[in-house]
Number of protein chains: 2
Amino acid sequence: MSKAVLLKDVSARTGCSSALVSAVLNGRTGRIRASEAMRKRIFKVADELGYVPNRNACGLRMSRSFLIGALAANLSSSFVPEILSGIEARCLHTNYGVLLGDYNNDDELLERWTSFQGRGVDGVICIGKPASFKQCILPSPDIKCVFVGGCVGDEECGGVWVDRASLLRLAAQAFAERGHRHIAYLTNYSPAECDVWRNALLSHGIVAGSIRTCHNFFEEGVAVATAILKEHPELTAFFADSDLLGTAVLAAARNCGKRVPEDLSVLGIDDSILCRISQPELASLRQPRREQGEKGAELLMQMLDGEPARNIVLQGELVCRASLAQAPENHSES
Amino acid sequence: MSKAVLLKDVSARTGCSSALVSAVLNGRTGRIRASEAMRKRIFKVADELGYVPNRNACGLRMSRSFLIGALAANLSSSFVPEILSGIEARCLHTNYGVLLGDYNNDDELLERWTSFQGRGVDGVICIGKPASFKQCILPSPDIKCVFVGGCVGDEECGGVWVDRASLLRLAAQAFAERGHRHIAYLTNYSPAECDVWRNALLSHGIVAGSIRTCHNFFEEGVAVATAILKEHPELTAFFADSDLLGTAVLAAARNCGKRVPEDLSVLGIDDSILCRISQPELASLRQPRREQGEKGAELLMQMLDGEPARNIVLQGELVCRASLAQAPENHSES
DNA sequence: AATAATTAATTAAACGATTTATTATATTAT
DNA sequence: ATAATATAATAAATCGTTTAATTAATTATT
């Protein structure tokens with residue numbers, strides 16, 4: 001039962017007051033100052049004894065918990081862990097700890113939020129965009145909030161996301177450059193948001209082909225993609241809004257006897273492990289997931305230090321693989 | 001900026017001491033007792049004012065934080081999020097919060113552990129088995145510890161894992177039943193631990209074929225599996241210690257012109273999303289990941305309430321898919 | 001009726017840091 | 001020589017809760 005090392009243990013050994021030790025270790029420059037010699041001694045002793053400040057006491061005194069809540073809808077969905085990992089990594093050398101809040105529906109979101117309040121989290125990072133955001137989260141203005149991975153654009157909240165318009169422009173350009181003119185789009189975004197894709201294609205003089213919404217499930221993706229391919233034999237390219245849907249399109253192509261990439265090019269989003277194990281390998285748009293997490297955590301900490309909320313927009317990039325190739329000659333000009 | 005409601009606000013409004021309010025709200029039955037009428041008034045007032053206890057103060061006084069640390073090596077590795085999700089779900093209706101500690105190497109593990117100590121976590125759940133366990137974690141016996149997903153068998157620590165021997169027996173039986181006699185094994189376990197596999201096969205009268213160790217990376221898996229297939233043309237089955245390695249074997253089989261499952265049966269472990277998107281679909285041994293997390297959290301909370309450490313062993317099951325089939329006639333008896 | 005036991009509470013001392021107000025000494029300015 | 005200022009530090013209050021020690025009133029037991 002090794003007793004924890006306290007501030008007073010350090011001060012006793014150093015031969016000074018605990019107030020001085022506290023000020024020195026926290027790098028406070030104020031009324032309380034230590035001589036250079038004393039500074040060195042304090043650091044040395046603290047290190048020797050292995051002093052670790054008690055966050056409960058700090059938090060109590062400073063009315064801050066140094067806790068950041070991370071709210072994630074469905075921890076199992078591939079991109080969440082990466083963002084989370086970035087958040088955690090960014091907090092590693094700070095005083096902040098990351099409290100986990102995974103939820104599957106609105107009730108659980110609300111419950112987690114309440115529990116976060118009780119813990120007195122200083123701020124919250126929401127991964128993705130909870131639909132019920134306004135009901136659950138805005139009503140408490142004491143807790144700063146940053147959204148990561150879902151564009152929000154709220155005055156009071158910070159945001160970190162990958163610029164969707166430029167991401168889709170990358171996709172449009174990749175297809176256009178390779179001579180594709182008939183391109184289907186499988187997405188789990190709402191139909192209204194598909195205009196971004198339409199515009200991206202239009203800037204290359206291409207009118208968007210079939211656009212279909214579907215949940216981010218493999219089986220559903222296969223079914224929907226198969227239907228599209230049967231209805232539209234003129235298609236030479238397929239853009240899917242996730243790698244999972246991208247692999248679903250590959251499966252659908254097999255179902256329909258279409259060869260990839262000879263007859264059909266396929267592009268996904270995420271550059272996940274799925275791309276490399278799929279057959280053929282799936283081209284994809286890489287989004288810097290981990291970086292989003294890191295940037296989000298950094299932004300929140302800055303906001304907790306009094307800086308205003310802002311938005312950080314990152315860029316994606318194209319990762320070309322076997323599934324993306326030149327459009328077949330006979331179709332490209334039809 | 002609505003000021004937080006404090007214990008003394010409740011006691012002032014109720015007309016009693018804060019000690020009484022504390023005892024009543026926490027359901028403590030001891031020297032401090034309240035009349036039934038007072039009890040009701042206290043609950044009513046606390047609810048009206050929306051009192052939420054300050055966990056920093058509680059934690060400081062009780063030297064308990066009601067915080068559980070979750071240590072995970074590499075949050076992005078497929079099975080960790082599921083376990084984590086189970087842990088978090090189990091804590092949802094309790095007083096406990098889950099503090100996240102993702103790490104990539106020993107230094108980070110030590111650092112996270114230190115930070116957990118500073119926060120005064122009551123207990124820690126380690127997901128997987130950190131190699132440097134003894135150096136980092138055992139030296140602090142004040143913090144209870146449960147291992148999830150990695151068999152440990154430590155007196156002082158709890159453990160939740162899937163019985164590996166019975167898992168491998170399932171694999172051996174699956175192959176034996178389908179007439180396979182020449183079975184390779186690709187694993188990231190140490191050679192010493194492969195005896196479990198040898199014995200599982202022996203109980204069906206089969207002598208284990210090629211056994212090769214490799215990291216859990218796709219490219220490395222492909223290279224090693226390809227080499228094995230070239231060296232051992234008599235092989236009719238391949239057992240891989242993860243779905244990722246399983247898909248690597250599928251890729252290797254393609255490289256060598258072997259058809260799956262006509263020439264070669266392949267079995268993985270995890271029943272992850274990879275199984276369904278691979279071509280052909282990969283048979284796999286399912287391990288209840290989420291359940292492990294839930295059981296682990298429950299065990300730790302019981303231990304924090306004074307119950308002794310124990311081990312919980314769960315069972316896996318076979319999920320048969322296209323990659324697992326009858327052995328080819330001409331090879332099975334050779 | 002006197003004593004013991006129970007009920008229903010209060011008071012004050014922790015818990016371990018931070019921070020304000022204060023003090024003592026050394027240095028510089030007038 | 002004296003006042004003003006800078007330097008180097010300390011003592012004590014504080015944060016919001018829990019809990020040990022204490023008290024006063026009521027009920028039960030002999």
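All values below come from the heavy atoms of this structure, side chains included, with hydrogens, waters and symmetry mates left out. Quick note on labels: first sequence line is chain A, next is B, and so on, each numbered from 1. Everything numeric here is computed off the predicted structure, so don't read it as measured data.
- Between the P atom of D/dT17 and the CZ atom of A/R61 lies a distance of 15 Å, rounded to the nearest Å.
- The side chain of B/A19 lies closest to C/dT10, out of C/dT10, D/dT17, C/dT19.
- Note on A/A34: only backbone sugar-phosphate atoms sit closer than 4.0 angstrom, heavy atoms only; bases stay farther off.
- Taking atom CD of residue B/Q117 and atom C1' of nucleotide C/dA17, one finds them 17 Å apart after rounding to whole Å.
- Contact annotation for B/L7: base contact, defined as any heavy-atom pair under 4.0 Å involving a base atom.
- Nucleotide C/dA17 holds its C1' atom 12 Å from the CG atom of A/L25, rounded to whole Å.
- A residue-by-residue look at B/N56 and B/I32 shows that B/N56 has its nearest nucleotide of DNA chain D further toward the 5' end.
- A donor-acceptor pair under 3.5 Å is absent between the side-chain atoms of A/D122 and the main chain of A/I68, judged by distance alone.
- Whole-Å rounding puts the B/R119 CZ to C/dA17 C1' distance at 14 Å.
- With the nearest nucleotide of DNA chain C identified for both B/R39 and A/A23, B/R39 has the one nearer the 5' end.
- A/M303 and A/K144 get closest at one heavy-atom pair: O-NZ, 3.4 Å.
- Of the N and O atoms on the side chains of A/S22 and A/R28, at least one donor lies less than 3.5 Å from an acceptor on the other residue.
- Atom C1' of nucleotide C/dT18 and atom CG of A/L6 are separated by 15 Å, given to the nearest angstrom.
- Side-chain to base pairing of B/R33 with C/dT7: no donor and acceptor N or O lie closer than 3.5 Å to each other.
- Each of D/dT19, C/dT18, D/dG16 was ranked by its minimum atom distance to the side chain of A/C58; first place goes to C/dT18.
- Mapping B/L20 and B/R31 onto DNA chain D by nearest heavy atom places B/L20 at the nucleotide closer to the 5' end.
- If you check every strand for non-hydrogen atoms under 4.0 Å, B/R28 touches a base.
- Out of D/dC15, C/dA17, D/dT17, the shortest distance to the side chain of A/A57 is found at C/dA17.
- Side-chain nitrogen and oxygen atoms of B/N54 include none within less than 4.0 Å of the OP1 or OP2 phosphate oxygen of D/dC15.
- For the pair A/F66 CZ and C/dT18 C1', the interatomic distance rounds to 11 Å; values are reported in whole Å.
- Residue A/Y51 places none of its side-chain N or O atoms closer than 4.0 Å to OP1 or OP2 of C/dG16.
- Rounding to whole angstrom units, CZ of residue A/R41 and P of D/dA8 are separated by 14 Å.
- Counting any heavy atom pair closer than 4.0 Å across all strands shown, A/S35 reaches sugar-phosphate atoms only and no base atom.
- A distance-only check finds a donor-acceptor pair linking the side chain of A/E108 to the backbone of A/N104 [under 3.5 Å].
- A/E298 has no carboxylate O lying under 4.0 Å from a charged side-chain N of A/K295, or vice versa, which leaves the two without a salt bridge.
- Rounding to the nearest 0.5 Å places OH of B/Y51 at 4.0 Å from CG of B/L7.
- Protein atom CE of A/M38 is 17 Å distant from nucleotide atom P of D/dT7, rounded to whole Å.
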